[in-house]
Amino acid sequence: MTIPTQPPDFDALGDEAFRAAVRTFLAGHHPRHLRNPAKRLHWDEARDWYLILASHGWLAPSWPRRYGGMGLSASKQLIYVDEFERFGAARLPDHGIILLGPLLIRHGSEEQKSHFLPKILSGEHIWCQGYSEPNAGSDLASLRTEAVLDGEEWVINGQKTWTTLAQDANWIFLLVRTAKGGKKQEGISFLLAPMDSPGITVRPILNIHRHDEFCEVFFDNVRVPKGNLVGEINRGWSMAKALLGFERIFLGSPRQSAHALARLKHLARHLGVWDDPVFCDRYTQLALDLADHNALFETFADRLRRGESLGPDVSLLKIHQSELFQRITDTMMEIAAEHAGLLDPIDGDRDLDPAGLFLTARAATIYGGSSEVQRNILAKSVLGLPS
Amino acid sequence: MTIPTQPPDFDALGDEAFRAAVRTFLAGHHPRHLRNPAKRLHWDEARDWYLILASHGWLAPSWPRRYGGMGLSASKQLIYVDEFERFGAARLPDHGIILLGPLLIRHGSEEQKSHFLPKILSGEHIWCQGYSEPNAGSDLASLRTEAVLDGEEWVINGQKTWTTLAQDANWIFLLVRTAKGGKKQEGISFLLAPMDSPGITVRPILNIHRHDEFCEVFFDNVRVPKGNLVGEINRGWSMAKALLGFERIFLGSPRQSAHALARLKHLARHLGVWDDPVFCDRYTQLALDLADHNALFETFADRLRRGESLGPDVSLLKIHQSELFQRITDTMMEIAAEHAGLLDPIDGDRDLDPAGLFLTARAATIYGGSSEVQRNILAKSVLGLPS
Amino acid sequence: MSIDADRLENIRMIRDSAQAIAKRGDLRRARDWRDRSPGFDRAVWRSMGDLGWIGLRVEEADGGSGLGMLEFCALVEELGATLTPEPLIAAVAAVRLLGRNAGSDRLSGGRIVLLAWQERTGSLDPTGGASFAGGRLSGCKRFIPSADGVDEFLVTTESGLVLVPRDAAGLTVERSLGQDGGHLATLHFDGVQGELLPGDAGRVLDEAALATAAYLLGVIEGALALTVDYLKTRRQFDAPIGSFQALQHRVVDLTLQAALTRASVESAAACLDGGAVGAEAQAAVSRAKARASDAAMLVTRQAIQLHGGIGYTDECDVGLYLRKAMVLAPAYGGAALHRRRYAALQSPMDEVVDEP
Amino acid sequence: MSIDADRLENIRMIRDSAQAIAKRGDLRRARDWRDRSPGFDRAVWRSMGDLGWIGLRVEEADGGSGLGMLEFCALVEELGATLTPEPLIAAVAAVRLLGRNAGSDRLSGGRIVLLAWQERTGSLDPTGGASFAGGRLSGCKRFIPSADGVDEFLVTTESGLVLVPRDAAGLTVERSLGQDGGHLATLHFDGVQGELLPGDAGRVLDEAALATAAYLLGVIEGALALTVDYLKTRRQFDAPIGSFQALQHRVVDLTLQAALTRASVESAAACLDGGAVGAEAQAAVSRAKARASDAAMLVTRQAIQLHGGIGYTDECDVGLYLRKAMVLAPAYGGAALHRRRYAALQSPMDEVVDEP
């Protein structure tokens, strides 16, 4: 395992200098073959890149420096993510870095922090997230996986699903029901479990690309020590929810659509329809939607830069970005003619893969809170419409 | 008053011969200046045309011949309406003919039939319809206008609204609540009242064109004889609803959209955008929608011709036609540039009135059961989705 | 355009007979043949021959069933609803062109011949790609479905039709994988010997385009039926999700598209059966195929969304419908191509806009 | 593009000051001046002058307020939300072009001068329609708002600007009625005497187009606020109609369009204030005006629908918003025109697509 070196002092850099530093770092270190991967990478594919980031102290932008993170301001975190996305950097198995780490830093015991955080940075612990269940998807608070205290151990029974890359993980953090009755959001706790615990079974689910991105994870009398509870018992829901604050802006990042629009342009040129006036009109509308999305994204980013927190209206970004992404790939399908039905990219060029990107885009309006759930939230929390 | 002559024997004609007869009749008798009127005509404007139809026995296509109607088959009624709409024949104050007449024929007493039907045909009685109320629009069954039997008279109190051309009518048929408790659809009765009854007040409402097409009608201790009840007491709801059977197909007639599309073509030529490829693509999509709407309309018409009755899926026609009509006029607005904001037609040409037609089209998805209510009906009655 | 009662009854019987092979709601065969050569079942093909489906559009005098486009479309719609993998449309087109030369072996399903007409993407031109001179065929044809499992190709050229066995010397078959788990072939002809037959593929391509629209209608209905069922059973927030009005209205809009597609396909079939030719027939076909292609993509996309996460998995059948739509929406011309053709046909608007 | 805190505070103050004349939620003045000459209130105009609004875009050295487009847009947005009828945008454009010649009488609201730049519909070309030769102005200009109540016109010609009093000999003013209850004039010049002033209207037209987008943003917000209120109070089927999910989702989509319009308008204003010129500035303006025009039509149309029957009456205020959008969506270029201009500007796509 590579031990992270002390990261450079990013605070000393201005925003634009930092942006340049990120670009330089990516250009110098990102493995060429992992750029813009067509599917979510497994640990064995992503490990090298993970360890490169770790060894240079670039792995955990949001963590404080004292825990080995980059300690970036909101403004610099926005730049970090923007440049990574713009570059097409490969997405890591990052649940430990993005979700668990910040939660432990805020709610974990000193012992938990000193034990787990370094192992995330070193790549020794690869985490997966056990939240959703077959009957608790959009309605996550209905979860029924249960943990009962038996002496010094929690005994876990139940099933999780949509667990991204669970087959690669050696640890899972999960929400479990520890009390019944009352509001369903109450009585939920946050537990940590090693994936090699007896009683855990992992079944990969093929996604629509027939790639094993998700798993079902079954818990059959799985025992973990009492001390694997994070935070207070029965208070796991609000802890897990609070984590989705700042980060929700990234679900609305324009980069995914920008990338897709660039590919649409490339495809249109390849197919000879770039100068077709009807296509041009359609493309211009998409380009304007993207430009306005950029502007809207910046208004939310400005709030973060001013130190404000984001309200529920940030859901507007997620809805618009995911649906724009889909409209762009829908347009690809419309111009691709027979290529729209083929499995492989046109002429073997990964950048000419309308069908693949179209299928990928299907997920954007489902995961991370479906468009329907986001609209429900906006109707109630932002517009104050009655239920 | 002109006494209707005995109508010709339409049964003897084949469908195509009948169609030719309708065309000939319209060409020979319809007042030129009333064709494709920009607004709903008042009685004083429509009277001549009403009486012409009456005097030739062409006024009541659906009534049996023994009541002075044309006694047309479903197939011929479809042709009659199609040709009238295609010609752009002026809409009459026709609530007596279309709504009340058939209801009386089915549910009225012999005395009611012999008293009222001839006066509808002669134009002596001009009827308006008192169904909707300020708090009973989409949810009509919530109506609260009340009728209480006091000796030999009904005493009516309450308010109706959206009463088309009430200011021109001398009679009103209305739904009133005669019993409370139980399902709200029960306890509703069907009454007839002269508009000059003491206690009736009419207040015209300007529509968005600032034309007095509708009225509010207030009832303050209005007394009508007990015999003005039609059908059974507390059974008015199903009677009134049943009436909207066959006729619902006409809410989905393609003629309104066909007319609008012809005007869009005329407008595009006038403005010089007819050959613009982006416009052409848009126009073609609308033309295809209309062609497919025609085909869908014909499948429902075929059912009627085969003697079948229409199910709730006929709402599909109403939704598609009204929304297509709006999309056509939306397109007019997009190409009309500054003309879209002007009150008068372009160059004084009534056929070049994008703004006027656009405003008219707003009503299509609201009246006759809003698009939202129609979708509710389809979801429940056709798809069987749970409430 | 009204269809008489006898014919309606015939069409109903054809639909019933289709259930023997393509039972609505059962996608096991479709799933089973994915990514497996030849992608369909020759035993089922034999049954199709026995049922008279292959020669459906061949005159009775030539050994076929002599049925109309209404019957063909009704049958293919049933096949679409179950994602039946056998390449019937391309075979029906080939034997129809062969006519009296089709022969009982092909009509009964003993030998499988498919039409190979296409050179370029996004085109309906059957004359490009392959040329015939001096008794030899050269060039290439693309996008032939399930070519692994067939015996012959009927190749269109500017000179006429050429019948070529799959194992002919000089013929190389290159495979591309389809999103639906099937494969599409490119045929390379390098001086392949063959016999020239008379025939003009134009009308037959229109019939195949219309049949493809009918298959897509089946796809739409299959995806919609799955989705409505799912909405009735899946619960979230303590209620069946089908009780949520936003989802109800969306599925109503999809139902409307299904109804328009049916009306469009059936009226086009009636138009062709009524003897329409030339621009009138082409406009009707283009209208139906444009509608079916767009509606199939819309409905299957939305069907995924309405299924939520489960819709994005390979084990959920709804994705099979989407991936079939991806292959067939562009086949025999996609929506944009057919809209352009519709607009280019003489006065297409007169069909619908006929103000006096 | 981030705006500093001081400037945000200034903008907030301008919005506050606008409430004196244009109080959100109060459409009485808008309703009152419909169909009544001159369509606006000269006393209010004077107040606007006193508040420094007329000279908002005139340099301080020339007697103006010297404010930026962000401030101008914020102000005009408030006017739009209340459908304020005074023709401020055309006047601001005129005095900005007059610059040091504007003079205190015009800046204070004593004399009203409007820009008259347009000849053709669907065009942003200010040079057509009127020509100036030998000290005489001939030709015509169209679509000047509220011309009944103003004193002068600043007329654009190929040679430069010409200032013309409304009562000049040889000037005939023809009125057309607008859907919003106002009127738009066509000016016919028949050898009108005038003085030539230097100036190029191009940039000022872009600023006016952007201000019109800001007014439409106000229209959007006003219509949306009315609609959300109505959904909360109107009951049908024993529930507030705002509890119906299909309506909730629709109004969320309108809210999204409002948010995009605001982001588009404000970023374009910041772009202009930041010194952008030429293609960059034009692209930003075209983007904002295309968004605002389309969104205003969509939101006001849907606002009518969400109101149901009452929305189709003249007494319901929501229709006032629709009819104002009908006039202003095409003013200074409609959505289609601005989209075409955006596409035609050099590499407009590089703005958003910048893959490394």
Side-chain angles (χ1 to χ4, degrees), chain B residues 23 26-27 35-36 75 83 86-88 254-255 257-266 277 280-281 283-302 305-306 313 315-317 319-320 323 351 371-372 374-380 382-387, chain C residues 1-5 8 224 227-228 231-233 239-245 247-268 270-271 283-284 286-288 290-291 294-295 335-336 338-344 348-356:
Chain B
R23 289 188 182 193
L26 285 168
R35 225 171 141 177
N36 289 315
S75 174
E83 290 298 328
R86 186 195 299 262
F87 186 85
R255 283 291 148 220
S257 291
H259 178 66
L261 196 67
R263 290 195 174 187
L264 173 60
K265 183 179 186 173
H266 183 44
C280 180
D281 182 63
Y283 184 89
T284 305
Q285 296 216 22
L286 294 170
L288 285 166
D289 282 340
L290 178 56
D292 285 342
H293 187 83
N294 279 338
L296 185 60
F297 181 85
E298 285 304 315
T299 67
F300 284 92
D302 276 346
R305 291 185 196 109
R306 287 196 298 265
D313 57 341
S315 286
L316 290 170
L317 280 182
I319 291 173
H320 190 250
E323 294 179 357
D351 289 342
S371 288
E372 290 79 14
Q374 307 274 3
R375 285 188 169 86
N376 289 345
I377 292 169
L378 285 160
K380 280 163 187 124
V382 176
L383 299 175
L385 291 171
S387 12
Chain C
M1 297 280 196
S2 296
I3 304 160
D4 67 38
L8 282 177
L224 208 43
T227 303
V228 170
L231 290 175
K232 286 177 186 171
T233 50
I241 62 173
S243 67
F244 297 134
Q245 195 194 28
L247 306 192
Q248 290 184 343
H249 284 200
R250 204 159 344 142
V251 80
V252 164
D253 287 340
L254 304 182
T255 303
L256 172 59
Q257 286 300 317
L260 288 166
T261 306
R262 172 174 299 289
S264 194
V265 167
E266 292 182 350
S267 66
C271 172
S286 281
R287 175 162 68 79
R291 170 72 53 185
D294 272 349
H338 280 288
R339 275 199 302 271
R340 276 196 308 274
R341 190 173 82 152
Y342 184 86
M349 311 319 175
D350 295 348
E351 182 187 340
V352 289
V353 179
D354 54 351
E355 293 283 300

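Letters A, B, ... mirror the listed sequences (proteins, then strands); counts begin at 1. For the numbers below, each heavy atom of this structure counts, side chains included, while hydrogens, waters and symmetry mates do not.
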* Asked: Mind checking whether B/Thr284 and B/Leu288 have side chains closer than 4.5 Å, heavy atoms only?
  ->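 When only atoms from C-beta onward are counted, B/Leu288 and B/Thr284 do touch, with a gap below 4.5 Å.
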* Asked: Checking C/Gln248 against chain B: side chain, backbone, both or neither under 4.5 Å from a heavy atom?
  ->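 Both the backbone and the side chain of C/Gln248 come within 4.5 Å of chain B.
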* **Atom group of C/Leu8 that falls short of 4.5 Å from chain B, counting heavy atoms** =>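 Looking at C/Leu8, just its side chain touches chain B.
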Residue [X] versus chain C: region with a heavy atom under 4.5 Å:
| X | result |
| --- | --- |
| B/Leu317 | neither |
| B/Asp313 | neither |
| B/Gln374 | neither |

* Hey, could you give me the NE2/CZ distance between B/His259 and B/Arg255, rounded to the nearest 0.5 Å? =>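 The CZ atom of B/Arg255 is 11.5 Å from NE2 of B/His259, to the nearest 0.5 Å.
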* Gap separating the CG atom of B/Asn294 from the OG1 atom of B/Thr299, nearest 0.5 angstrom ->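 Rounded to the nearest 0.5 Å, the CG-OG1 separation comes out at 11.0 Å.
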* Asked: Of all heavy-atom pairs between B/Lys380 and B/Pro386, which one has the smallest distance, and what is that distance?
  ->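 Closest heavy-atom pair between B/Lys380 and B/Pro386: CE-O, 4.4 Å.
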* Any donor-acceptor N/O pair, B/Arg35 side chain to B/Phe87 backbone, under 3.5 Å ->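 Yes; at least one donor-acceptor contact below 3.5 Å.
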